[in-house]
S.K.: 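Before I ask anything, let me first share the structure, which is written out below as structure tokens.
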Amino acid sequence: CKLWGEITEIPDIGDLKIQGFCVEALMATDVKHTEFMIDGGCTHHMVTGQVNLESCTPFVAPIAFAAEGTIHTDARGSLTIGKLHLHNVLRVPKISRNLISESQLDILDWSVLTKGRKKAIWDNTGQHILTAPLKDMLYIWEPSLKEAFVADSKPDSLVDLWHFRLGHLGQANMGSD
């Protein structure tokens with residue numbers, strides 16, 4: 001189907017081999033920086049240029065499309081949203097949808113179940129991570145504000161707790177006067 005394009009393999013790039021992915025992520029005119037499409041044909045997790053990655057490092061690699069030519073990544077890093085923790089996420093400024101790769105989840109031994117117009121994901125410990133409803137024939141997960149902006153873990157110490165609540169007040173300035 002020309003609407004969705006074909007997956008085109010490109011040469012091995014060091015430790016990373018990237019293949020084309022759903023053309024919907026490239027061709028969509030309505031940019032969705034807060035939504036994540038669960039994609040069975042995507043070889044890597046990919047985010048738009050508007051998503052901030054943790055431990056982000058510059059990384060340029062081509063991604064080939066059968067009908068659309070080549071676009072490039074500009075960085076890779078990690079992404080944490082609520083219970084979702086992804087590593088080796090590629091930032092691709094020219095895509096209009098964030099993509100979660102089912103094959104990358106499978107490599108981590110995570111489970112993906114599609115049933116009742118929903119796609120649910122569990123990590124390798126059996127913890128439910130997210131559920132994405134079918135929306136316009138795509139499985140789309142839109143994190144809640146709580147998932148997107150609230151830390152999922154407890155602080156390691158009282159100093160960390162103060163840091164989370166007060167910002168960058170240095171430990172030296174938190175004396176016991």
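Along the sequence shown, residues carry numbers from 1. Since the model is a prediction, treat every value here as computed from it, not as a measurement.
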S.K.: Counting distance only, does the side-chain N/O of His44 pair as donor-acceptor with the main-chain N or O of Met46 below 3.5 Å?
M.R.: no
S.K.: Is the side chain of Thr73 donor-acceptor paired with the backbone N or O of Phe59 at a distance under 3.5 Å, no angle test?
M.R.: yes
S.K.: Is the side chain of Asp74 donor-acceptor paired with the backbone N or O of Pro58 at a distance under 3.5 Å, no angle test?
M.R.: no
S.K.: Heavy atoms only: give me the nearest Lys119-Val112 pair and the separation to one decimal.
M.R.: CG-CG1, 3.5 Å
S.K.: For Glu142 and Thr34, indicate whether the former's side chain and the latter's backbone hold a donor-acceptor pair under 3.5 Å.
M.R.: no
S.K.: Using a 3.5 Å distance criterion without hydrogens, assess whether the side chain of Asp123 forms a donor-acceptor pair with backbone atoms of Trp110.
M.R.: no
S.K.: Would a 4.5 Å heavy-atom cut-off, applied to side chains only, mark Thr48 and Arg97 as touching?
M.R.: no
S.K.: Can you check side-chain contact (heavy atoms from CB on, under 4.5 Å) on Ile100 and Asp39, steps first, answer last?
M.R.: CA-CA 6 Å; Ile100 296 175; Asp39 193 342; over 6 Å; no
S.K.: Please examine the side chains of Leu90 and Val47, heavy atoms only from C-beta on, and report whether any two atoms are closer than 4.5 Å.
M.R.: no
S.K.: Ignoring hydrogens and geometry, is there a side-chain-to-backbone donor-acceptor pair from Asp136 to Leu138 under 3.5 Å?
M.R.: no
S.K.: Let's go through Arg91 and Val51 carefully: what are the C-alpha distance in whole Å and the side-chain angles of both, what is the deciding distance for side-chain contact (heavy atoms from CB on, under 4.5 Å) to 0.1 Å, and is it a yes or a no?
M.R.: CA-CA 8 Å; Arg91 188 172 64 201; Val51 175; 6.0 Å; no
S.K.: Give the C-alpha distance, both sets of side-chain angles, the deciding distance and a yes or no for side-chain contact (heavy atoms from CB on, under 4.5 Å) between Ile95 and Ile71.
M.R.: CA-CA 9 Å; Ile95 62 173; Ile71 60 174; 3.8 Å; yes
S.K.: Applying side-chain contact (heavy atoms from CB on, under 4.5 Å), run through Ile81 and Leu130 and close with a yes or a no.
M.R.: CA-CA 10 Å; Ile81 301 174; Leu130 64 90; over 6 Å; no
S.K.: Please confirm whether the backbone N or O of Ser101 pairs with a side-chain atom of His45, one donor and one acceptor, at under 3.5 Å?
M.R.: yes
S.K.: Which label fits Phe36 and Trp141: parallel for a plane angle under 30°, tilted from 30 to 60°, or perpendicular past 60°?
M.R.: tilted
S.K.: Does the side chain of Lys118 come under 3.5 Å of the side chain of Thr131 through a donor N or O and an acceptor N or O?
M.R.: no
